[in-house]
Amino acid sequence: MSTVPNITLNDGNVIPQLGFGVFQIKPEDTVEAVSKALEAGYRHIDTAEMYGNEKEVGEAVRASGLDRGDIFVTSKLNNSFHEPDEARRAFDTTLSDLGFDYVDLFLIHWPLPTVYNGDYVSTWKTMEEFHNDGRSRSIGVSNFQIEHLEKLSAETSTVPTVNQIEVHPYFTNDVVRAYGEEHGIVTEAWSPIAQGRVLDDPTITRIADKLSKTPAQVVLRWHIQRGDIVFPKSVTPSRMKENFELFDFELESSDFGEITALDRGEDGRTGPNPDTFAYVPS
Ligand SMILES: NC(=O)c1ccc[n+]([C@@H]2O[C@H](COP(=O)([O-])OP(=O)(O)OC[C@H]3O[C@@H](n4cnc5c(N)ncnc54)[C@H](OP(=O)(O)O)[C@@H]3O)[C@@H](O)[C@H]2O)c1
């Protein structure tokens, strides 16, 4: 079985570099998917209130028979709950839905700079409370642009441990990643295989054929060598196993460089732009 490296965060906690994402896994399929992922060796699960499957993630963790302390679980504050009292209530609900007395990592899911008067600073200060009372071992953000990170830096005293952002070969997002690297914020790359869109790319398939690896393994290995955290999603057990086998090969620098050169800038983005995304569920 692969040994997944740990990454040390700026608060001293460690996180497995490879995990399992559960976005778009229906609640009724989540216990089965997370159970299979834990069987395959994953020890890091990335969920969110928005995904509607926190209860089932908690259920699968308990059913696994593994110690809670051996599994790293992340969840995220939904966009409806940025105001401090709402955030406190939402975090309580996340813990009770998961059935845990702590999460390893809690994130602000989106900055929403055009709603709540752009006040993600008071939301972040509320996140600091969750960290200080020990119920979120680490805290971080998701989809924050440089401007948003700079505002937190100017107005609060806690540097986010991670920034979870869209990153894959068609959208390398290197400017935001570089800012994180300079400031001790680890990048978590969401949609690491662009929900499958990069897997037919001729550059990727040529490198995969040469190395006798699959396109998904080549792309995920590229992320690992960049130092980012990844958590590919799959409901297919054979793919869960495939995506976990990343540590018995290495991309040489020319192949690595060719994959990085597939970047299409903003045109490569598949999800919303955080500067304008303003979706608040009712
Ligand atoms: N913070 C945010 O705003 C945000 C946004 C998006 C995602 N995320 C996180 O990032 C995680 C991963 O991103 P994602 O779910 O959007 O997309 P992804 O992991 O890039 O891709 C998932 C898709 O690729 C397929 N797939 C997985 N492994 C494969 C393989 N080896 N070969 C071929 N196809 C494969 C899956 O199909 P099957 O399931 O049918 O096998 C699924 O359709 C999410 O689950 C979530 O935890 C966060």
Side-chain angles (χ1 to χ4, degrees), residues 15-27 29-30 32-34 36-37 40 42 44-54 56-57 72-79 103-112 120 139-145 148 160 162-173 176 180 186-201 204-205 208 213-224 228-246 268-279 281:
I15 179 171
Q17 191 181 5
L18 174 63
F20 182 71
V22 299
F23 178 43
Q24 291 176 332
I25 303 186
K26 292 188 200 115
D29 298 333
T30 301
E32 168 86 1
V34 173
K36 291 276 186 249
Y42 293 84
H44 165 184
I45 312 293
D46 185 88
T47 185
E49 201 271 352
M50 198 185 282
Y51 304 165
N53 53 21
E54 289 171 307
E56 292 76 12
V57 166
F72 191 103
V73 178
T74 299
S75 195
K76 314 186 189 87
L77 181 74
N78 206 341
N79 294 352
V103 284
D104 295 279
L105 177 61
F106 197 55
L107 309 179
I108 301 180
H109 206 145
W110 288 89
L112 307 178
Y120 43 79
I139 51 172
V141 295
S142 179
N143 299 301
F144 273 47
Q145 305 276 58
H148 312 140
V162 305
N163 187 17
Q164 184 176 128
I165 54 177
E166 180 175 351
V167 183
H168 46 72
Y170 290 163
F171 185 61
T172 58
N173 215 341
V176 180
V186 176
T187 295
E188 296 193 323
W190 64 249
S191 292
I193 56 173
Q195 300 195 339
R197 290 180 187 85
V198 294
L199 301 181
D200 295 331
D201 186 281
I204 308 276
T205 54
K213 295 291 171 187
T214 67
Q217 287 172 325
V218 164
V219 174
L220 293 169
R221 178 70 208 180
W222 171 82
H223 286 283
I224 295 289
D228 292 353
I229 294 166
V230 279
F231 22 80
K233 169 265 178 186
S234 180
V235 292
T236 316
S238 60
R239 288 175 173 173
M240 293 177 197
K241 289 199 186 86
E242 175 186 330
N243 297 346
F244 198 68
E245 296 301 326
L246 307 180
R269 203 190 268 285
T270 62
N273 186 320
D275 289 325
T276 50
F277 189 58
Y279 172 67

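Atom set for the values below is all heavy atoms of this structure, side chains included, hydrogens, waters and symmetry mates excluded. Order of appearance sets the numbers: ligands from 1, and atoms from 1 within every ligand. This one's a predicted model, so the numbers in the text were calculated from it and none came from an experiment.
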Original post:
Going by distance only, is there an N or O of Val235 that falls short of 3.5 Å from an N or O of ligand 1?
Top reply: yes

Subject >> Identity of the nearest option to atom 32 (N) of ligand 1, non-hydrogen atoms only, from Met50, His168, Arg239 >> reply: Arg239

Original post:
What atoms in ligand 1 come closer than 4.0 Å to a heavy atom of Asn143?
Top reply: 1 (N), 2 (C), 3 (O)

Original post:
Which option, Phe244, Trp190, Phe277, owns the non-hydrogen atom nearest atom 8 (N) of ligand 1?
Top reply: Trp190

Original post:
So which heavy atom in the protein is nearest atom 13 (O) of ligand 1, and how far is it from that ligand atom?
Top reply: Ser191 N, 3.1 Å

Original post:
Could an N or O of ligand 1 be found under 3.5 Å from any N or O of Ala216, whether backbone or side chain?
Top reply: no

Subject >> side chain to side chain contact (heavy atoms under 4.5 Å, CB included) between Lys76 and Gln164, worked out >> reply: CA-CA 10 Å; Lys76 314 186 189 87; Gln164 184 176 128; 3.2 Å; yes

Original post:
Rounded to the nearest 0.5 Å, what separation is found between the CG atom of Leu107 and the CG atom of Asn143?
Top reply: 9.5 Å

**OP:** Give me the one residue out of Asp104, Val230, Ile229, Leu105 that meets side chain to side chain contact (heavy atoms under 4.5 Å, CB included) with His44.
**Re:** Ile229

Subject >> Which segment of Val22 sits under 4.0 Å of ligand 1 when only heavy atoms are counted >> reply: backbone

Original post:
Counting heavy atoms only, which of Asn163, Asn243, Ile25 comes nearest to atom 28 (N) of ligand 1?
Top reply: Asn243

Original post:
Which atoms from ligand 1 have a heavy atom of Leu199 less than 4.0 Å away?
Top reply: 32 (N), 33 (C), 34 (N)

Original post:
With distance as the sole criterion, is a donor-acceptor pair present between the side chains of Glu166 and Asn173 under 3.5 Å?
Top reply: no

**OP:** Run the numbers for me: atoms of ligand 1, each under 4.0 Å from some heavy atom of Asp46, listed by number.
**Re:** 9 (C), 46 (C), 47 (O)

Original post:
What orientation do His168 and Phe171 show, parallel under 30°, tilted 30 to 60°, or perpendicular over 60°?
Top reply: tilted

Original post:
Quick check: does any side chain N or O of Gln17 sit under 3.5 Å from a backbone N or O of Asp228, one acting as donor and the other as acceptor?
Top reply: yes

Original post:
Which atoms of ligand 1 sit under 4.0 Å from any heavy atom of Thr236?
Top reply: 38 (P), 40 (O), 41 (O)

Original post:
So is there a nitrogen or oxygen of Lys76 less than 3.5 Å from a nitrogen or oxygen in ligand 1?
Top reply: no

**OP:** Select the closest option to atom 43 (O) of ligand 1 among Arg197, Lys233, Lys241, judged by heavy-atom distance.
**Re:** Lys233

Subject >> N/O donor-acceptor pair under 3.5 Å between Ser234 side chain and Thr236 backbone >> reply: yes

**OP:** Kindly confirm or rule out an N or O of Pro232 lying under 3.5 angstrom from an N or O of ligand 1.
**Re:** no

Original post:
What about Phe231: any of its N or O atoms under 3.5 Å from an N or O on ligand 1?
Top reply: no

Original post:
Does the pair Arg239 and Thr214 meet the rule for a side chain to side chain contact (heavy atoms under 4.5 Å, CB included), with working shown?
Top reply: CA-CA 10 Å; Arg239 288 175 173 173; Thr214 67; over 6 Å; no

Subject >> Centroid separation Phe144 to Tyr120 less than 6.0 Å >> reply: yes

Subject >> Ligand-residue contact atoms, ligand 1 with Ile193, heavy atoms, under 4.0 Å >> reply: 18 (P), 20 (O), 21 (O), 24 (O), 26 (N), 27 (C), 28 (N), 29 (C), 35 (C)

Subject >> atom 48 (C) of ligand 1 - nearest protein heavy atom and its distance >> reply: Gln164 OE1, 3.0 Å

Subject >> Sub-4.0 Å atoms of ligand 1 with respect to non-hydrogen atoms of His109 >> reply: 1 (N), 2 (C), 3 (O)

Subject >> Under-4.0 Å heavy-atom contact with ligand 1, by part of Gln24 that carries it >> reply: neither

**OP:** Over all heavy atoms of both residues, which pair between Ile25 and Ala33 is shortest? Give the atoms and the distance, please.
**Re:** CD1-CB, 4.0 Å

Original post:
Which atoms of ligand 1 have any heavy atom of Ala194 under 4.0 Å away?
Top reply: 20 (O)

**OP:** Go through the steps for Asp200 and Thr205 under the test side chain to side chain donor-acceptor pair (under 3.5 Å), then give the verdict.
**Re:** CA-CA 6 Å; Asp200 295 331; Thr205 54; over 6 Å; no

Subject >> Option set Phe23, Trp110, Tyr51, criterion heavy-atom distance to atom 45 (O) of ligand 1, minimum >> reply: Phe23

Original post:
Using the ring of each side chain (for Trp, its six-membered ring), is Phe244 parallel, tilted or perpendicular to Tyr42, with breaks at 30° and 60°?
Top reply: tilted

Original post:
Nearest non-hydrogen atom to atom 1 (N) of ligand 1 belongs to which of Ser142, Pro274, Gly196?
Top reply: Ser142

Subject >> Test of ring centre spacing under 6.0 Å for His109 and Tyr51 >> reply: yes

**OP:** Around atom 21 (O) of ligand 1, find the nearest protein heavy atom and jot down its residue, atom name and distance.
**Re:** Gln195 CA, 3.2 Å

Subject >> Note: Asp46-Lys233 ion pair, threshold 4.0 Å (strictly below) >> reply: no

